[in-house]
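Structure first, then comments.
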Amino acid sequence: MTLQLFWFVLIGVLFTGYFVLEGFDFGVGMLMPILGKGSDKRRRVVLNTIGPVWDGNEVWLITAAGAMFAAIPEWYASLFSGFYLALLLLLVALILRICAIEYRAKINDPKWRAWCDAGIGIGSWIPALAWGWLFANMVRGVPLNEKKQVVGSVWDLLSPYALLGGLATGALFALQGAIFLVLKTGGEVREDAQRITRLLLIPTVLIVGGFGLWTQLAHGTSWTWIALGAAVLGLVVAAGSTALSRDGWAFLGTTLTVAAATALLVGSLYPNVLPSTIDPAFDLTIDNASSTPYTLRVMSWAAVIATPVVLLYQGWTYWVFRQRLTVDQIPAPTGLRLSEKK
């Protein structure tokens, strides 16, 4: 395996980790207005399921973007410049979500919490839809010219395939979030999460299955059939386990689907990192877009040493905070008052 291929695979693994872990985070935020309706304690139960881990999950995105910047800089430059406005919107949504989660409990006021809840919802829906749209455009190709610049209009990026990709990640993350809430909550919140899970299963299977099959037939290779099969298997496991109330297996099923779907998209790119719809000669590949061999060597040693430590720490965090949460465990709200009555 060449260093260029090693880093292409590693970046794919980092994005897989991000989507697996942050996917259910987004799903929880997307479903919070529904499952927390009418009760602040219910909303706090929903939010507290991801409270100890959501910020650690986002580190995977920072690491993936940093690895892309250092290992395959032409990919990073063309992608971030060509999708500048879309990625700016995505970044603003993520910042809005972070601020809303962090500051929700700081002020003890219903209106304040309502605004924060809206920020959490918006900051979860936009990335959940945007990531599928972005990766679908990368796989399909963009109008990339000989200067490695993305040209054309926004309509070039709004193809039916790309829009279906956005719906696929949105539906899949919502389903994963619902199953995570079934796994992590008890009482009435868990019962409502089970109902939402059953409602989401069939639409998610149809949307994700359709997008996966389209990807494979139009852009896939022989080995990505395995990834597509694994994604479908994960949905089958999730559906069967939900029917049998096997919460852990259901969550593992959606986790497998997210990981396999990411592998399908990344595998369909190879050996390109950003295909050109203008001329195949303008394609960015892992060879013509990568850093120097010396840079890749140094980065490889750093990755080999640091990655196991990060994985062990994050695994320990999930183990410590593995208990279910119920409404009865939620204390009275604290925080400053916006105004004091005289």
Side-chain angles (χ1 to χ4, degrees), residues 8 11-23 25-27 30 57-58 60-69 72-97 122-144 148-174 176 207-208 211-212 214-215 218-220 227 231 258-270 272-277 283-284 289:
F8 175 75
I11 290 170
V13 170
L14 291 171
F15 272 109
T16 300
Y18 173 68
F19 291 141
V20 165
L21 298 175
E22 194 73 345
D25 275 4
F26 290 143
M30 294 160 73
N57 295 343
E58 292 197 342
W60 287 80
L61 174 60
I62 299 171
T63 308
M68 186 187 295
F69 172 78
I72 315 179
E74 296 287 357
W75 184 13
Y76 178 94
S78 296
L79 181 67
F80 277 72
S81 60
F83 291 83
Y84 180 80
L85 292 177
L87 289 173
L88 179 62
L89 175 63
L90 192 154
L91 180 60
V92 169
L94 290 175
I95 293 173
L96 176 64
R97 177 172 173 268
I122 294 170
S124 299
W125 274 98
I126 289 177
L129 297 169
W131 281 119
W133 167 83
L134 177 63
F135 268 77
N137 270 305
M138 281 198 291
V139 171
R140 176 177 175 267
V142 295
L144 192 70
K148 302 176 182 178
Q149 296 175 337
V150 178
V151 296
S153 68
V154 67
W155 301 110
D156 296 321
L157 306 177
L158 296 178
S159 65
Y161 174 74
L163 294 176
L164 183 59
L167 289 177
T169 52
L172 184 55
F173 290 164
Q176 193 184 21
I207 294 171
V208 174
F211 175 67
W214 191 345
T215 300
H219 309 285
V258 174
T262 309
L264 171 62
L265 291 169
V266 175
S268 298
L269 265 177
Y270 180 80
N272 297 318
V273 292
L274 197 61
S276 172
T277 57
D283 289 352
L284 284 180

So do Leu157 and Trp133 actually touch side chain to side chain, heavy atoms under 4.5 Å? yes

Nearest non-hydrogen partners of Leu264 and Gly212, listed with the distance: CD2-O, 3.7 Å

Near Trp125 CH2, under 6.0 Å, is it more than 12 heavy atoms from other residues, nucleotides or ligands? no

Might you point out which heavy atoms bring Val139 and Ser268 nearest each other, and give the distance in Å? CG1-CB, 4.0 Å

Within the 4.5 Å heavy-atom criterion, are Asp156 and Val150 side-chain neighbours or not? no

Taking C-beta and beyond as the side chain, do Thr215 and Phe211 meet within less than 4.5 Å on heavy atoms? yes

Check whether any side-chain heavy atom of Phe83 lies under 4.5 Å from a side-chain heavy atom of Val142, and answer yes or no. yes

Side chains of Leu269 and Pro275: closer than 4.5 Å at any heavy-atom pair? yes

Taking the side chain as every heavy atom from C-beta outward, state whether Leu94 and Leu61 have any atom pair closer than 4.5 Å. yes

Under the criterion ring-ring contact (aromatic ring centres under 6.0 Å, His included), I'd like the reasoning laid out for Tyr18 against Trp131: C-alpha separation, chi angles, the key distance, then a yes or no. CA-CA 11 Å; Tyr18 173 68; Trp131 281 119; 5.8 Å; yes

Picking from Thr169, Leu167, Leu172, Leu164, what satisfies side-chain contact (heavy atoms from CB on, under 4.5 Å) with Val208? Leu172

Can you give me the closest heavy-atom contact between Ala231 and Ala260, atom names plus distance? N-CB, 3.5 Å

Nearest heavy-atom pair of Ala174 and Met30: which atoms, and what distance? CB-CE, 3.9 Å

NE2 of His219 to CZ of Arg140: how many Å apart, nearest 0.5 Å? 7.5 Å

Roughly how far, to the nearest 0.5 Å, is CD of Glu22 from CD of Gln176? 10.5 Å

Using 0.5 Å steps for rounding, measure from the CZ atom of Arg97 to the CD1 atom of Ile122. 13.0 Å

Work out which heavy atom in Ser276 is nearest to a heavy atom in Asp283; give both atom names and the distance. N-OD1, 2.6 Å

Leu14 CG to Thr262 OG1 distance, which is reported to the nearest 0.5 Å: 12.0 Å

4.5 Å side-chain heavy-atom contact, Phe15 and Val266: no

Please verify the inter-ring angle class for Phe8 with Trp75; under 30° counts as parallel, over 60° as perpendicular, anything in between as tilted. tilted

To the nearest 0.5 Å, tell me how far Leu90 CG sits from Leu129 CG. 10.0 Å

Might you point out which heavy atoms bring Met68 and Leu79 nearest each other, and give the distance in Å? SD-CD2, 4.2 Å

Over 60° means perpendicular and under 30° means parallel, so tell me whether Phe173 and Phe26 are parallel, tilted or perpendicular. tilted

Say you draw a straight line from CG of Leu91 to CG of Leu96; how long is it, rounded to the nearest 0.5 Å? 11.0 Å

